[in-house]
Amino acid sequence: IPLRDGVHLNAILYLPPQQPEPRPVVFSLTPYVAQSSHDRGLYFASHGYPFLIVDVRGRGDSEGVFDPLINEARDGFDVTEWIATQPYCNGKVAMWGGSYSGYAQWATAGEHPPHLATIVPAAAPYIGADFPGRSNLPTPYLMQWLTLVWGRTSQDKLFWKNELYWG
């Protein structure tokens, strides 16, 4: 997906098996690598809605550098407007997801993309209040999360409970 600054984002597209006409499209903008939401993509497509999982810049197969919380508003706007022009979309775009993807929705909505019909955020962090820490003071969890999203690939084995560390 081309962005205004020339960077391209990677997306995995799930289309309904039989889609006779354009439909509203749902997408999620995630740092957790697109393949992590494969089951959700299958769910939406099996219920008649095209679905895209989009890697944020610098993660997965997306170009650019991942700077947490910096580019999601503009990038989300550009992705929304690009999706609206695709032949499988009827011009209405929705965003879905939790955690960082929930934050990305609020950030995107603040840019007022004309084709964004709705957002469905869950467990979205409130920057400066509960992320990156309490009262903007870093917590050990921040280091754990940064390890999860470091580099381009999933670091989920390093993120989830480690019996040696957590006891």
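By convention here, the first residue in the shown sequence is residue 1.
Checked by atom type, the side-chain pair Ser99/Tyr32 shows a donor-acceptor distance below 3.5 Å.
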Could you go step by step and tell me if Tyr49 and Val25 meet the side chain to side chain contact (heavy atoms under 4.5 Å, CB included) rule? CA-CA 6 Å; Tyr49 293 96; Val25 174; over 6 Å; no
Would His115 and Ile83 satisfy side chain to side chain contact (heavy atoms under 4.5 Å, CB included), going step by step from the backbone distance to the final call? CA-CA 9 Å; His115 293 94; Ile83 290 172; over 6 Å; no
Go through the steps for Val7 and Asp75 under the test side chain to side chain contact (heavy atoms under 4.5 Å, CB included), then give the verdict. CA-CA 10 Å; Val7 169; Asp75 292 356; over 6 Å; no
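Using modelled atom types, no side-chain atom of Arg59 and backbone atom of Phe66 make a donor-acceptor pair closer than 3.5 Å. In this structure a side-chain-to-backbone donor-acceptor pair under 3.5 Å is missing from Gln19 to Leu15. Using modelled atom types, no side-chain atom of Glu111 and backbone atom of Ala107 make a donor-acceptor pair closer than 3.5 Å. Side-chain N or O atoms of Asp55 include one that pairs as donor or acceptor with a backbone N or O of Ala34 at under 3.5 Å.
Looking only at side-chain heavy atoms (C-beta outward), Pro22 and Pro87 stay at 4.5 Å or farther from each other. Thr30 has its side chain out of reach of Val56: every pair of non-hydrogen atoms, C-beta onward, lies at least 4.5 Å apart. Within the 4.5 Å cutoff, no side-chain heavy atoms of Arg23 are placed close to those of Pro16. Side-chain contact check for Ser62 versus His8: every heavy-atom pair is 4.5 Å or farther apart.
In the hydrophobic cluster analysis, where Ile, Leu, Val, Met, Phe, Trp and Tyr join through side-chain heavy atoms closer than 4.5 angstrom, Tyr14 is grouped together with Val120. Linking ILVMFWY side-chain heavy atoms closer than 4.5 Å, directly or via other members, places Trp82 and Val54 in a single hydrophobic cluster. By the rule that hydrophobic residues join a cluster once side-chain heavy atoms approach within less than 4.5 Å of another member, Leu9 and Trp96 end up as members of separate clusters. Put simply, Val93 and Tyr103 are part of the same group of oily side chains (I, L, V, M, F, W, Y) that touch within less than 4.5 Å, one to the next. Cluster membership check: Phe44 does not share its hydrophobic cluster with Tyr88, using side-chain heavy-atom separations under 4.5 Å among Ile, Leu, Val, Met, Phe, Trp and Tyr.
Between Gly6 and Glu63 the shortest heavy-atom distance is O-OE1, 3.9 Å. Between Ala124 and Gly102, the shortest heavy-atom distance links the atoms CB-C, 3.5 Å.
Both tests do not hold together for Arg74 against Phe77: distance to the six-membered ring centre under 6.0 Å, angle to the ring axis within 45°.
To the nearest 0.5 Å, the span separating CD1 on Ile53 from OG on Ser28 amounts to 5.5 Å. Once rounded to the nearest 0.5 Å, the distance linking CG of Asp78 with CD1 of Ile1 reads 10.0 Å. Here the OH-CG distance, from Tyr100 to Leu29, works out to 8.0 Å after rounding to the nearest 0.5 Å. Atom CD1 of Ile119 sits about 12.0 Å away from atom OG of Ser101, to the nearest 0.5 Å. With values rounded to the nearest 0.5 angstrom, Leu52 atom CG is found 4.5 Å from Leu13 atom CG. Taking CD of Glu72 as the start and CZ of Arg57 as the end, the distance is 8.5 Å to the nearest 0.5 Å.
Around CD of Glu21, the count of heavy atoms belonging to other residues, nucleotides or ligands within 6.0 Å exceeds 12.
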